[in-house]
Participant: 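Questions regarding the structure given below will be posed in turn.
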Amino acid sequence: MILPIVLYGHPVLRQKGARIDALTPEIRQLIADMLETMRHASGVGLAAQQIGRAIQLTVVDVTGVEDRPSTLHLDGREVSPNAHMPLVLINPQIRPEGHEVTGPEGCLSFPDVYGDITRPETVTVNALNQDGQSIEFRAGGLLARAIQHEYDHLQGILFIDRMTTELRRGLRPELDALQTRTKAALQQPPGLG
Ligand code: ZN
């Protein structure tokens with residue numbers, strides 16, 4: 001089922017996600033729905049907060065992004081990222097590494113807002129997958145950027161927080177307008193919005 005994506009201004013985007021203790025049928029269904037929602041929105045990642053749930057769950061899929069390469073190392077060996085997509089990350093822990101690189105980012109919770117964000121080039125990830133198995137890998141390129149962006153969501157951190165002050169100031173009118181629209185929509189009586 002395609003779920004509605006929560007937009008900037010909704011308080012859940014600022015909540016830290018609770019740890020997931022068990023892969024219940026509800027969580028499994030949520031994973032399936034998040035994958036479907038991410039694909040439908042043509043996103044490379046989606047965090048649980050973005051569909052209104054503050055829990056430690058995110059999905060990532062960089063398949064088909066040809067102009068911004070990704071790398072993936074499993075057990076010290078380089079493998080094809082596409083062969084391991086989509087990634088389902090439960091309770092992820094990350095260790096960003098390497099020098100910082102600047103690249104464009106967008107976010108499904110911020111329609112039509114884009115900006116350059118500086119982040120470490122690679123990241124080592126520990127998480128549980130969709131089967132509850134422990135996984136560890138090292139990602140680079142777009143995949144590393146996407147995972148850091150989604151990990152931030154799980155902590156209640158948004159990509160606008162990582163923009164330069166100057167960039168954020170330039171986007172301020174758009175951000176304020178989006179926030180105002182979202183808050184107004186939240187105040188609609190049920191059934192009318
Ligand atoms: Zn995002």
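Both counts, for ligands and for their atoms, begin at 1 and track the order of listing. Just so you know, these numbers use all the heavy atoms, side chains as well, and skip hydrogens, waters and symmetry mates. Numbers for residues simply follow the sequence, beginning at 1.
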Participant: Mind checking whether Phe159 and His149 have parallel, tilted or perpendicular rings, split at 30° and 60°?
Facilitator: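 Ring orientation, 0 to 90° scale: tilted.
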
Participant: May I have the list of side-chain donor-acceptor pairs in residues 41-49 shorter than 3.5 Å, sequence neighbours left out?
Facilitator:
unit_1: Gln49; atom_1: NE2; unit_2: Gln15; atom_2: O; d: 2.9
unit_1: Gln49; atom_1: NE2; unit_2: His153; atom_2: O; d: 3.3
unit_1: Gln49; atom_1: NE2; unit_2: Leu154; atom_2: O; d: 3.4

Participant: At distances under 2.8 Å, what protein N, O or S atoms surround the Zn ion (ligand 1)?
Facilitator: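 Per the 2.8 Å query on the Zn ion (ligand 1), atoms found are Cys107 SG, His149 NE2, His153 NE2.
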
Participant: If you look only at pairs with a residue in residues 118-130, which of them pass as a salt bridge (charged side-chain N to carboxylate O under 4.0 Å, His left out), with sequence neighbours excluded?
Facilitator: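 Sorted result for residues 118-130: Glu105-Arg119, Arg119-Asp152.
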
Participant: Do side-chain atoms of Gln148 reach the backbone of Ala144 as a donor and acceptor pair under 3.5 angstrom?
Facilitator: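 Yes: the side chain of Gln148 pairs with the backbone of Ala144.
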
Participant: In the hydrophobic cluster built from side-chain contacts under 4.5 Å, what are the other members alongside Tyr114?
Facilitator: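 Traced through the cluster, Tyr114 reaches no other member.
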
Participant: With distance as the sole criterion, is a donor-acceptor pair present between the side chains of Glu100 and Thr118 under 3.5 Å?
Facilitator: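 Side chains of Glu100 and Thr118: no pair found under 3.5 Å.
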
